[in-house]
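The structure that follows is given in the form of structure tokens.
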Amino acid sequence: MSGDCLFCKIINREVPSEFLYEDDDFVVFRDINPAAPVHLLLVPKKHIRSMNDFKNEDSAIISGLFVLAREMARQQGVDKSGYKLLFNVEKGGGQVIFHIHLHLIGGWEK
Ligand code: AMP
Ligand code: ZN
């Protein structure tokens, strides 16, 4: 938990958001400013700043994110039509929320 982190506040329900999925390790919610018909954010509950800050012992989080992405794509009905998975890394990579998250973007065609 990082005190001034928006995504930590969402995870702790200090800021309202509707979770499409939650378990002990992850939450999934819709991006507030969607870039496509389906735009989800897959967020580990552990506060990790960016891809640069993943530790080797966090490898289960990384693999878990991709398993979750596969399941959420199926749940959202974009698995067959296709989708993008994206990590923005640090400011130059477009990251604005410094709590790691995987974007799942799709739904342009059914
Ligand atoms: P990034 O640029 O990778 O850091 O992505 C951060 C994303 O969080 C952006 O696409 C924002 O639209 C999204 N975002 C910011 N605030 C919220 C919020 N309260 N609920 C959902 N998504 C948000
Ligand atoms: Zn955080």
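Counting convention: from 1, in listed order, for ligands and their atoms alike.
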Ionic contact status for Glu22 with Arg13, cut-off 4.0 Å: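 Yes, this pair counts.
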Angle, ND1 of His99 through the Zn ion (ligand 2) to ND1 of His47 - 10° precision: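 ND1 of His47 and ND1 of His99 make an angle of 100° at the Zn ion (ligand 2), to the nearest 10°.
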Partner set under side chain to side chain donor-acceptor pair (under 3.5 Å) for Asp23, not counting sequence neighbours: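 If we apply the side chain to side chain donor-acceptor pair (under 3.5 Å) test to Asp23, skipping adjacent residues, the hits are Tyr21.
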Centroid-centroid under 6.0 Å between Phe19 and Phe26 rings: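 Judged by ring-centre distance (under 6.0 Å), Phe19 and Phe26 do not meet the cut-off.
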Lys46 with Asp58: basic N within carboxylate O range, under 4.0 Å: yes
Output block, N or O contacts of ligand 1, threshold 3.5 Å exclusive:
unit_1   : atom_1 : unit_2 : atom_2 : d
ligand 1 : 2 (O)  : Asn88  : ND2    : 3.4
ligand 1 : 2 (O)  : Gly94  : O      : 2.8
ligand 1 : 2 (O)  : Val96  : N      : 3.4
ligand 1 : 3 (O)  : Asn88  : ND2    : 2.9
ligand 1 : 3 (O)  : His101 : NE2    : 2.8
ligand 1 : 3 (O)  : His103 : NE2    : 2.8
ligand 1 : 4 (O)  : Val96  : N      : 2.8
ligand 1 : 4 (O)  : Ile97  : N      : 2.9
ligand 1 : 4 (O)  : His101 : NE2    : 3.2
ligand 1 : 5 (O)  : His101 : NE2    : 3.0
ligand 1 : 5 (O)  : His103 : NE2    : 3.3
ligand 1 : 10 (O) : Asp31  : OD1    : 3.2
ligand 1 : 10 (O) : Asp31  : OD2    : 2.5
ligand 1 : 12 (O) : Asp31  : OD1    : 2.5
ligand 1 : 22 (N) : Ile32  : N      : 3.1

Backbone N/O of Ser59 and side chain of Ser63: donor-acceptor pair under 3.5 Å: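 Looks like yes, one N/O pair under 3.5 Å.
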His99 side chain vs Ser50 backbone, donor-acceptor pair below 3.5 Å: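 Absent.
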